[in-house]
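A short worksheet on the structure shown next.
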Amino acid sequence: FCQHLVVRQDGGPATAIESLCKRGDPKLACHPVLAHVVDLVWAKVAVRTLFGRNSVLILTLALFTLSQTLLDRHIIDVPDSQSLAVRVTIALSRCFIYFFFLPTNMASHAKLVLSDIRAGNMKRLCFLKIPVSFIRHAKFHFAAASMVAMIVLDPVIRCLGQSPLLTQHCESGDTSAELYTEPSMLAALMLYLLASDLCVSSIRIATFVSMFNRIVTEVFLFLIGFGTLTIAFATAAAALKIEAHGWNTLWMCVITLGEFFVGVMHDEDRDELDHAIPALRLLLVAFYFAAAVFLLNLLIAQFVQAYGLSFESMVGFARLARGAKVVEALGLAPRARWDAFVRSLHFDSPVRFCEGDAGMTGAVEVLEPADLDATNIESIRRHGGTTAVDAPWPEEEAVTSDDVQDRLHRMEGVMRKMAKRLEQLRPHGAGKSSSTSAFSFGLDSSGSRGSRSDRAE
């Protein structure tokens, strides 16, 4: 019975899913009724809206990969193959990214930011008040900033009017080509992060991503600790006033210690360690023990502990992430689609409990295997008579453990167990026709106990 969790009195979407996401309780999100409501709205309404809205993002990601890595790298590796078709493909792909994907998404996000400012939906960070939607869509804002830098530095745009047509090689284009790669790299990462929001289509994948987000904070704590430790030991190494390469300044000491920890030191720096003073050798041993032995094992312990604490809740967090996407999609879905979805649920039709029992309205029928929760005892007690509101509710007889029905059921179970036991003890040569007689415990057909001689026969 989930009608009022799905639809309001006026026919619009109910606020149950939005309230669930605001509460942020992973255990409540795993409640069977709420999980079924979220999955129902997701499958019938939200999934079409979400993938329809993100189809442009998927196309943009494909064109970005084509123009920035595949074809562009092919031109760099084989300059002679720079045909007009390849140059036109690169130019058209970048035009779609720069002048369609970027402006349309910037306009929609600007509307969200302005609506938050007007509604006063702000969040304080340090001494600044920032709109909540700006923080929520920070990945897109990083991607937009990177694409703006790409437009300014794009070699194709800088070489317009040069020969051959749409070339990337000219004096101005060659100057900006090296600077163009950094914002292109950042934009690629941000686009893939934006596409990762589609993982809520599968609870299993969303659970993995939720667990990754929970554990990645432990990595940041490790990096903070490792950076502080490296600066401390680099300051101590710089205080030794060593004139050798890699140890003469504080910054060089930080870089050398990082290379020493990772194991990518240059050959000349490694050779200099053979002739280093004992104080520097002792300092390196202490640094390696503190970083490699202590910090790395502490990181592993943090991973294990964080996974153990979050394991029971990660499915709930995945369902909360899906619920947030459902709320976002309901605000974008057309009303006609929502009305068709509500009509398909048939909330006005009674849902029967079993054959002959009409049931009540406002429910969604969910079928399950008949042997999933098998029971031989009727749990619904029915009373005949009027259903008037002013009629007194019929008094039920107190049902205790000594009830006759309960005792009969227990007796039947004991008799079946004894019959099964006697069947196992029966000699292998005995006929099967006598096996059922053990169930009667010597009772004849009339219900009376026969004589000892009759039973012996």
Side-chain angles (χ1 to χ4, degrees), residues 68-69 73 76 125-128 130 135 138-139 141-150 152-155 172-193 212-213 215-303 306:
Q68 301 298 125
T69 58
R73 174 56 58 181
I76 295 175
L125 292 179
C126 296
F127 56 90
L128 296 176
I130 302 177
I135 301 174
K139 291 182 289 187
H141 299 309
F142 279 111
S146 303
M147 291 180 184
V148 171
M150 289 172 62
V152 175
L153 300 173
D154 197 320
S172 179
D174 294 338
T175 304
S176 63
E178 295 182 358
L179 300 175
Y180 177 78
T181 55
E182 282 79 9
S184 176
M185 175 196 69
L186 183 59
L189 293 176
M190 292 299 106
L191 285 176
Y192 274 97
L193 285 178
F212 176 81
N213 293 334
I215 292 181
V216 74
T217 56
E218 308 297 334
V219 178
F220 286 114
L221 292 176
F222 168 78
L223 293 177
I224 292 173
F226 177 75
T228 305
L229 189 68
T230 303
I231 294 175
F233 276 88
T235 304
L240 294 175
K241 299 295 191 291
I242 301 175
E243 297 298 332
H245 175 72
W247 304 98
N248 49 2
T249 61
L250 177 61
W251 178 246
M252 292 301 299
C253 289
V254 171
I255 296 176
T256 304
L257 286 176
E259 293 175 350
F260 174 75
F261 175 77
V262 180
V264 293
M265 288 185 66
H266 297 288
D267 294 336
E268 56 271 16
D269 294 337
R270 193 178 296 108
D271 294 337
E272 289 179 358
L273 291 179
D274 297 334
H275 308 286
I277 60 178
L280 181 58
R281 293 185 180 183
L282 183 62
L283 191 69
L284 289 176
V285 171
F287 172 75
Y288 188 81
F289 177 82
V293 178
F294 178 73
L295 280 183
L296 282 181
N297 285 281
L298 181 60
L299 177 63
I300 295 173
Q302 287 177 318
F303 278 168

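In what follows, residues are counted from 1 in the order of the sequence shown.
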Show me, pair by pair, the donor-acceptor contacts under 3.5 angstrom made by side chains of residues 223-237, not counting sequence neighbours?
unit_1 : atom_1 : unit_2 : atom_2 : d
Thr228 : OG1    : Ile224 : O      : 2.9
Thr230 : OG1    : Phe226 : O      : 2.7
Thr235 : OG1    : Ile231 : O      : 2.7

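Sorted by first and then second residue, the side-chain hydrogen bond (donor to acceptor under 3.5 Å, both in side chains) pairs involving residues 182-192 (not counting sequence neighbours) are Gln68-Ser184.
In this structure, the separation between CG on Leu186 and CE on Met147 is 10.0 Å, given to the nearest 0.5 Å. A distance of 10.5 Å separates CZ in Phe212 from OG1 in Thr217, rounded to the nearest 0.5 Å. Taking CZ from Phe294 and CG from Leu299, the interatomic distance works out to 11.5 Å, rounded to the nearest 0.5 Å.
Shortest non-hydrogen contact noted between Pro183 and Leu153 is CG-CD1, 4.4 Å. Scanning all heavy atoms of the two residues, the minimum distance from Trp247 to Leu257 falls at CH2-CD2, 4.1 Å. Closest approach of Phe303 and Glu218 over heavy atoms only: CE2-CB, 3.9 Å.
The ring pair (Phe, Tyr, Trp, His ring centres under 6.0 Å) test applied to Phe222 returns no partner, not counting sequence neighbours.
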